[in-house]
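Let me begin by presenting the structure, written as structure tokens, before commenting on it.
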Amino acid sequence: MVAPELPELGNGSLEKGRWASDHRVVNFWEGVFALTTAILATIPILVFLAIIVFMVYDSVEFFRSYLEEGKAAGATIWQFFTDREWTVMFEPPEGERRRIGVISLIIASSIVALIAVAVAAPLGVLMSVVVTHYLPKRLNYFITPVLNMISGVPTIVLGAFAFSSFTPALQKIFPQIQPYNLLVSGLLVGLFVTPTVLGIGVSAINAVPRSYFEAAYSLGMRKYEYILNIVLPTVFPALIAAFTLAFSRAFGETMIPVLASGLTPQFTFNPLQAGQTVASFIFQAATAAVGFDTLEFKSMFATGLVLFLLTFALNSVGNLSRRRFAAQIESLGVSKVEEGTGSLPGEETFYALGERMTGIEFKRNDSLRALGGAIFAGLSYASLVPTFLLLLFLTVSNFRQGARYLNGKFFTQFADPDPEQAGILAALVGNLWLVLLVLVILIVVGLGAAIFLEEYAEIFLFKVFRNRKVVQWVETLLEINLDNLSAIPTIIYGVLGTELFIRTMKMGRSVLAGTLTLAILALPFVITTFRASLRNVPATLRYAGYAVGMSKSQVILRIAIPYAFSGLTSGVLLAATVTMGETAALGAVVGSLGLISFTPFNNPEGRGPFLSQFVTIPLQIYIWATKPTTEPLAAAAIVVLLTILLILGALALFTANLFQSKTYES
Amino acid sequence: MNPEQKTVGTVLQGEGVSIALEDVTVFYGINPAIQNVTLDIYSNTVTAFIGPSGCGKTTLLRCINRMNDMITTTQITGAIRVFGEDVRKIDPIELRRRVGMVFQRPNPFPTSIYENIALGLRVNGFRGNISDQVEKYLRLVGLYDEVKDRLKMNALQLSGGQQQRLCIARTLALEPEIILMDEPCSSLDPISSIRIDNLITQLKKYFTVVIITHNLQQAARIADWVAFLKVVEAEGARFGVLGEYATSTDFFTKPSSIDAYNYINTRIG
């Protein structure tokens, strides 16, 4: 091999003057950049504090007005826990008081959540098993997104389906079921939260060390025996965490119970009866046309605080145990070194073994074991059926009901009392406009916060606390807080938005208030996704950047973000689907849902596109779905909404895989 | 071992000290990684750091261009001077332009071949013509003829050896005074490896090269000086110390310590 002849470099080459970069300027911008991201990162913390402060303050206000109003009837705070009925929405007759037994709402929520977990737990676990151990890899790329699709369906769509199709169908089989009932809510919420269990289940099962599989197979176990005896016991703690999180999500679900279980609070343990959950009461109070100083308005905060505390506690438990499991399973892969303590088995042991071996007989019931395997596989595959059926029925029934209205007119006309003249122009434009604004905020704030938390927080915290343990503890706390914030029932963000943006900041029930509410709702989710994308950037690539003289912000902006681009884009698109279909929180912001027959760009009051009133497709669906005459219109709007969401979801999936061929060997 | 008298080939070696390490000790948290290293690395030479795994070669190398700043728990005592300046007094951004680094695995930026070199030039405010500079250094590493028609191609599509030469070109294009190489050939096939060896021996005309290698033949082939680091255990901790520092010929023909002798004859490590 001939050495390449080195070309002459020339004398001027190695002069320092050829490099214009001044490190003082670079470091100045570095500081500005870090400070900006730090400021953006405080926003989620401020949101968290705002939730607590407003909830507590207004809850106190609620009890104060309650005591004042019911003084003559002997009102006490304890009645919040001891009353059996909840009659806050009804003006009491002279000399009596309202009943404020929140327990009736909690029981209804619990019934829904318990039914939901009873559905989601077995389905989710079996689905995880199918996805990880039975389906071929190629099929998984298609099946898993479809299974997850159900949690991307706006709950208003599921609620409308429950009320207009599912319950009537059930009533044909079981006539004793009421038109509004908790059972149907529970079943649909269960299918809705199944992907929560599936997601955690799959990642936990995938984390089981491969050596377990090899060990089990070498001992002659069949696949189902390996799964039942080794895999599921190993991932059991993660599954419990998944069930807890699913329960919490089901407990705070709003739109399905609103539409499927009715709005009359009842003290009942019977799931076949109607009942009002905590979240659906908040939605009712938020959308009832009541003044800001009424007891009805304040009651949202008292119930909101209950909902917040309960789901927060459940989420904390769930997220903590999920983390603990992840840490444990990681240490399973690494074998601990034991040095020189064991002695080699001596001859005597071998003789003993030899004697015993002759006495052993194995029961060979191969056919029975094969049957067990077949049954288990069958059950596992069967777990896919309900979700697929629901998606199928959802599409077919809405398409059939709404087909009549799905034409060009539907997209160019405003909502109208006459169904034949009605369209979704206002809702469509309002929805897209709102989502666009939300995405702008999410990209700026979310990316800034994610960069700070992922790239600077550790160094920053270390400078503050000077103790590694404390830093780790604070980081875990921040992460769990983010996880919790993204799992809080969305109606709570709606209540917060109403109080913060509409009442305190006097923005009116406007596009701006709606945008900000949706932004704080989606922010925790977006930050978490962005962080994960940044974390995937290989360290060696960052080192390469530093080694050519980049500052930290240059490494982030020129290397990390371009590398993470597909992940970041996919996160933005997912956030778009979440905000596009959000109903409960926006319902609270909009308040009394009326007829909006204008887009934000040509509103009659001439307020401009930011301060205009608005309506979105999910809200329009809610308005239409609750009146029998306009139900087909709701179905048509559902078809439109689902189509848009499907496109966004497919794009998200596509961008996430876009650059996978160029993955980096780290 | 008088450096003034050392000559290799036609180029006079050891005209000055590029890097001076004085009693350098590095801790990660409470764990010592390497202790009390004192050595001078001479200008326009190739110095190889060799030694068993865990002896702190990489740690020591990364102290020179302050890459260890990235790990918040690192504590460094002693003095490291590059051309007489304490590295702690030089801004790391400027330092890393002047002290380039090539990594164990090729790590090109996932952008075009051209952009891989241009990016570093741009962030450092290169005053010359960027495309000329790119071409010049692609030629220098012998890559230009192989890729001249596809400079816009993603660098990750190159072979491992080509990627590593691109990374070297990226480093050299910044015209550093010192180049640190952390096992640059460990993930390459023998032919690519030889090409890089040849390149390194040529490079010392202009640069000071410090290279970590596990390959003793490579060290013997290209290094003028060898720093042998060994692992010692004391007070329940394992850390590296400098075992021997000698010219390559002296080290491989008559090592002065038994540890070095054993290492060369692969009795340990």
Please give me the minimum heavy-atom distance between B:Pro110 and A:Tyr563, naming the atom from each residue. CG-CD1, 3.4 Å
Shortest non-hydrogen contact from A:Ala547 toward B:Met101: CB-CB, 3.9 Å
If you measure from NE2 on A:His23 to CG on B:Leu95, what distance do you get to the nearest 0.5 Å? 10.5 Å
When you look at CZ of B:Arg238, are more than 12 heavy atoms from neighbouring residues, nucleotides or ligands closer to it than 6.0 Å? no
Would A:Leu541 and B:Phe109 satisfy side-chain contact (heavy atoms from CB on, under 4.5 Å), going step by step from the backbone distance to the final call? CA-CA 7 Å; A:Leu541 203 55; B:Phe109 302 127; 4.1 Å; yes
Minimum heavy-atom separation for B:Asn107 to A:Ala544, with atom names? ND2-CB, 3.3 Å
Could you check A:Trp19 against B:Glu175 for side-chain contact (heavy atoms from CB on, under 4.5 Å), going step by step and ending with a plain yes or no? CA-CA 10 Å; A:Trp19 304 97; B:Glu175 297 171 355; 3.8 Å; yes
Toward chain A, the part of B:Phe126 with a non-hydrogen atom under 4.5 Å: both
Nearest heavy-atom pair of B:Arg96 and A:Tyr546: which atoms, and what distance? CD-O, 3.1 Å
What distance separates A:Arg558 CZ from B:Glu115 CD, expressed to the nearest 0.5 Å? 8.5 Å
Atom of A:Ser551, atom of B:Ile93 and distance for their closest heavy-atom approach: CB-CD1, 3.6 Å
Any chance CD1 of B:Ile30 has more than 12 other-residue heavy atoms, nucleotides or ligands included, within less than 6.0 Å? no
Got more than 12 heavy atoms from elsewhere within 6.0 Å of CZ, B:Arg88? yes
Find out whether the Lys NZ or Arg CZ of B:Arg62 is both under 6.0 angstrom from the six-membered ring centre of A:Tyr543 and within 45° of the ring's axis. yes
Enumerate by number any residue of residues 456-471 of chain A whose heavy atoms lie under 4.5 Å from heavy atoms of chain B; in the absence of such residues, state 'none'. A:Glu458, A:Ile459, A:Phe462, A:Arg468
Who among B:Thr73, B:Val99, B:Asn65, B:Asp197 has the most heavy-atom pairs with chain A under 4.5 Å? B:Thr73
Looking only at non-hydrogen atoms, find the nearest pair between A:Val548 and B:Arg170 and report the distance. CG1-CG, 3.7 Å
Does some side-chain heavy atom of A:Met550 sit less than 4.5 Å from a side-chain heavy atom of B:Leu119? yes
Output the option from B:Val102, B:Val123, B:Thr111, B:Asp69 having the highest count of non-hydrogen pairs under 4.5 Å with chain A. B:Val123
Honestly, the part of B:Gln104 sitting under 4.5 Å from a heavy atom of chain A is neither
